[in-house]
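The structure appears right after this line, and notes come after that.
So that the names make sense, note that chain A is the first sequence line, chain B the second, and so on, each numbered from 1. Quick caveat, the model's predicted, so the values are computed rather than measured.
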There are 2 protein chains.
Amino acid sequence: MNIDTCRFCPVRLQGVCGDLPTPEITLAPAPVQVMAAGQDLFSQGEPCRQVFMILDGWVCLYELLEDGRRQILHFALPGDIVGFRPDSRSSPFGAQALSQVCLCPISRSRLVEAAQANAGLAFRLACMLYDDGAEAYERLTSIGRKTALERVATLLLELFYRLRRRVPLSRGETLQIPLTQTHIADAVGLTAVHVNRMLGLLRQKGVIEYGNGVFRILAPSRLFEIAGADAQVMAGRPAEPMSRHLHSSSSCIQAGPLSH
Amino acid sequence: MNIDTCRFCPVRLQGVCGDLPTPEITLAPAPVQVMAAGQDLFSQGEPCRQVFMILDGWVCLYELLEDGRRQILHFALPGDIVGFRPDSRSSPFGAQALSQVCLCPISRSRLVEAAQANAGLAFRLACMLYDDGAEAYERLTSIGRKTALERVATLLLELFYRLRRRVPLSRGETLQIPLTQTHIADAVGLTAVHVNRMLGLLRQKGVIEYGNGVFRILAPSRLFEIAGADAQVMAGRPAEPMSRHLHSSSSCIQAGPLSH
DNA sequence: CGCGGGTTTGACGCTGATCAAAAACGGTGG
DNA sequence: CCACCGTTTTTGATCAGCGTCAAACCCGCG
């Protein structure tokens with residue numbers, strides 16, 4: 001069952017498993033798991049024994065303050081793992097499904113053991129963690145130093161490029177994003193009302209179109225300018241983040257079309 | 001020379017090198033390097049072939065926007081490494097010495113090779129990257145969702161605890177911090193003027209004292225309350241971050257008991 | 001003694017928050 | 001197909017937190 005699951009894993013080479021020989025893939029003893037949108041994979045402060053690899057759908061990591069203020073830390077896409085910790089203490093943040101998601105649960109302790117024994121695996125893990133950190137840094141300068149309009153534009157571009165890396169967008173520049181404006185607000189440190197105004201402004205400028213969870217980028221170059229020049233970094237990136245470049249997977253991965 | 005340097009390395013077990021047997025430490029072919037405050041270890045957009053392990057002093061990572069806005073991403077202390085990337089592309093941020101620093105330069109490619117061959121090393125690297133990411137997440141919620149006063153208090157507490165983990169503070173709660181208020185501002189996403197007002201407020205409330213780069217925390221518990229409850233996470237942490245727990249260094253560093 | 005960087009304080013303005021309410025949408029059951 | 005409902009989006013009016021501008025002050029240093 002596991003072996004079979006792994007053999008057909010849609011994100012096999014993108015994820016931590018990488019090119020582990022099939023018989024060695026004992027990372028995932030539990031069967032694939034499906035969760036509905038809105039469910040928590042794990043909650044803030046929970047012990048968190050499972051690491052989840054996302055096979056399909058979107059997940060966000062978030063942190064809550066006592067009075068209910070929420071910060072979204074990261075949007076995780078298929079191929080990403082969430083919930084990894086080197087130790088077994090409780091997680092300082094929670095993880096919530098933004099759409100229906102399909103997950104491959106991995107025992108944390110098992111993954112840690114395997115990583116301590118297998119340099120390739122540990123290094124892939126390090127690369128994924130590096131990517132997460134680099135993304136967090138980008139978001140930090142966005143939230144810390146950019147205006148509301150710039151922040152919203154930056155987030156759209158970030159999602160745009162991250163999605164594009166996985167799925168070559170076919171017609172035009174359309175993003176299927178399962179986010180409400182409140183999600184966007186919590187990710188960029190604004191209120192939903194103000195995010196709405198900024199989106200309206202972008203729409204009015206003819207830079208984007210949206211409705212129904214579908215965003216269409218009409219003028220990527222203008223979005224670029226608006227987002228601030230450091231966003232050029234994103235465009236400079238290769239089609240896949242570096243963690244994907246490390247193993248031999250030359251070209252095998254084609255994620256199917258997103259269809260939430 | 002190298003071997004000797006390593007044998008007396010002040011952060012030997014804290015850093016990536018960990019318990020690599022002494023003869024294997026070929027990570028650091030270059031001699032220890034000293035830089036003056038204000039110098040860049042490497043600049044934003046630079047290729048960055050060196051990874052630096054900090055032996056002494058403070059370094060900050062920062063990102064500049066075109067118009068000069070700056071975001072400080074991370075304060076690196078002795079034992080931390082800065083400049084690691086899995087690939088050889090240019091760094092999206094720069095690193096600057098905040099005080100005179102003493103560095104151990106490590107060849108990036110060599111480190112990567114070594115990590116790909118040595119699971120223990122790779123895993124230690126992963127843990128350090130995890131710690132950095134976790135810290136970035138904390139800063140994200142601070143900047144994204146907290147008020148000015150809370151942000152400043154949060155940063156002070158963070159530095160306080162991080163320093164304390166390394167050096168058990170002896171008398172009272174004094175922090176020797178080589179930061180200007182502008183640095184603090186760039187780290188928490190405010191202006192220097194407003195940071196000043198917040199520090200003044202904390203001083204006036206009798207929570208802290210400062211002057212001349214020395215901060216004294218008079219009422220840690222009140223700083224806690226002000227910083228927002230999620231800061232409790234910090235107190236809950238053990239004396240050392242998890243990456244320090246992984247190798248056999250059982251007990252060298254003891255932070256004193258918390259006394260709020 | 002004068003210079004330059006850092007700190008401190010005040011006055012004022014703007015970006016983005018807050019409050020409120022209407023409109024649009026999607027799903028559900030009749 | 002339509003009425004109903006909760007959620008999300010949209011828009012307006014007002015407010016306040018923080019930024020901006022400016023000047024004074026402080027201190028170490030040449």
Side-chain angles (χ1 to χ4, degrees), chain A residues 36-38 65 67-72 96 98-100 142-156 176-205 208-216 226 228 260, chain B residues 36-38 65 67-72 96 98-100 142-156 177-205 208-216 226 228:
Chain A
L65 301 186
D67 56 8
R69 283 175 287 179
R70 178 176 71 168
Q71 175 67 41
I72 290 184
Q96 186 185 46
L98 292 170
S99 60
Q100 177 173 305
S142 175
I143 294 184
R145 285 301 181 220
K146 291 188 182 179
T147 66
L149 187 61
E150 290 170 327
R151 291 187 217 178
V152 172
T154 302
L155 179 63
L156 288 180
Q176 184 86 20
I177 301 187
L179 303 181
T180 66
Q181 295 181 4
T182 301
H183 285 126
I184 297 178
D186 285 341
V188 299
L190 298 168
T191 58
V193 173
H194 207 245
V195 163
N196 180 332
R197 285 192 246 266
M198 297 302 104
L199 286 173
L201 223 159
L202 290 174
R203 173 157 62 185
Q204 175 191 315
K205 285 182 180 223
I208 64 172
E209 267 177 8
Y210 64 95
N212 242 5
V214 181
F215 284 79
R216 176 173 263 262
I226 294 170
H260 305 286
Chain B
L65 300 186
D67 56 8
R69 284 175 286 180
R70 178 176 72 165
Q71 176 66 41
I72 290 183
Q96 185 185 44
L98 293 171
S99 60
Q100 176 173 304
S142 175
I143 295 183
R145 286 301 180 218
K146 291 190 182 179
T147 66
L149 187 61
E150 290 170 327
R151 291 186 217 178
V152 172
T154 302
L155 179 63
L156 288 180
I177 303 187
L179 303 180
T180 67
Q181 294 182 6
T182 302
H183 285 126
I184 297 178
D186 285 342
V188 299
L190 297 169
T191 57
V193 172
H194 207 244
V195 163
N196 181 332
R197 285 193 250 263
M198 297 302 105
L199 287 173
L201 224 159
L202 290 174
R203 172 158 61 183
Q204 176 192 315
K205 286 182 179 221
I208 63 173
E209 266 177 8
Y210 63 96
N212 244 5
V214 181
F215 283 79
R216 176 174 262 265
I226 294 170

Verify, without hydrogens or angle tests, whether A:Q71 (side chain) and A:A187 (backbone) share a donor-acceptor contact under 3.5 angstrom.
yes
Just by distance, do the side chain of A:R145 and the backbone of B:R69 share a donor-acceptor pair under 3.5 Å?
no
Is there a side-chain contact between B:L199 and B:L156 in this structure, where contact means two heavy atoms from C-beta onward sitting under 4.5 Å apart?
yes
Side-chain N or O of [X] closer than 4.0 Å to phosphate OP1/OP2 of [N]:
X: B:Q181; N: C:dT8; value: yes
X: A:N196; N: D:dT10; value: yes
X: B:R197; N: D:dG19; value: no
X: A:Y210; N: D:dT10; value: yes
X: B:T180; N: C:dG6; value: no

Which whole-number value in Å describes the distance from [X] [atom1] to [N] [atom2]?
X: A:H194; N: C:dT15; atom1: NE2; atom2: C1'; result: 6 Å
X: A:R69; N: D:dG17; atom1: CZ; atom2: P; result: 13 Å
X: A:M198; N: D:dT11; atom1: CE; atom2: P; result: 12 Å
X: B:R151; N: D:dC18; atom1: CZ; atom2: P; result: 7 Å
X: B:L190; N: C:dG16; atom1: CG; atom2: P; result: 14 Å
X: B:R145; N: D:dC18; atom1: CZ; atom2: P; result: 13 Å
X: A:F215; N: D:dT8; atom1: CZ; atom2: P; result: 14 Å
X: A:E150; N: C:dG16; atom1: CD; atom2: P; result: 9 Å

Nearest non-hydrogen partners of B:E150 and B:I226, listed with the distance:
CG-O, 3.2 Å
Closest non-hydrogen atoms of A:L65 and B:K146, given as atom of the first, atom of the second and distance, are CD1-CG, 3.9 Å
[X], nearest nucleotide to its side chain (from [options]):
X: B:V193; options: C:dG10, C:dT18, C:dC25; value: C:dG10
X: B:T147; options: C:dT8, D:dG12, D:dC18; value: D:dC18
X: B:A148; options: C:dT7, D:dC18, C:dA17; value: D:dC18

Touch check for [X], heavy atoms < 4.0 angstrom, all strands: base, sugar-phosphate only, or nothing?
X: A:R203; value: sugar-phosphate
X: A:N212; value: sugar-phosphate
X: B:L199; value: nothing

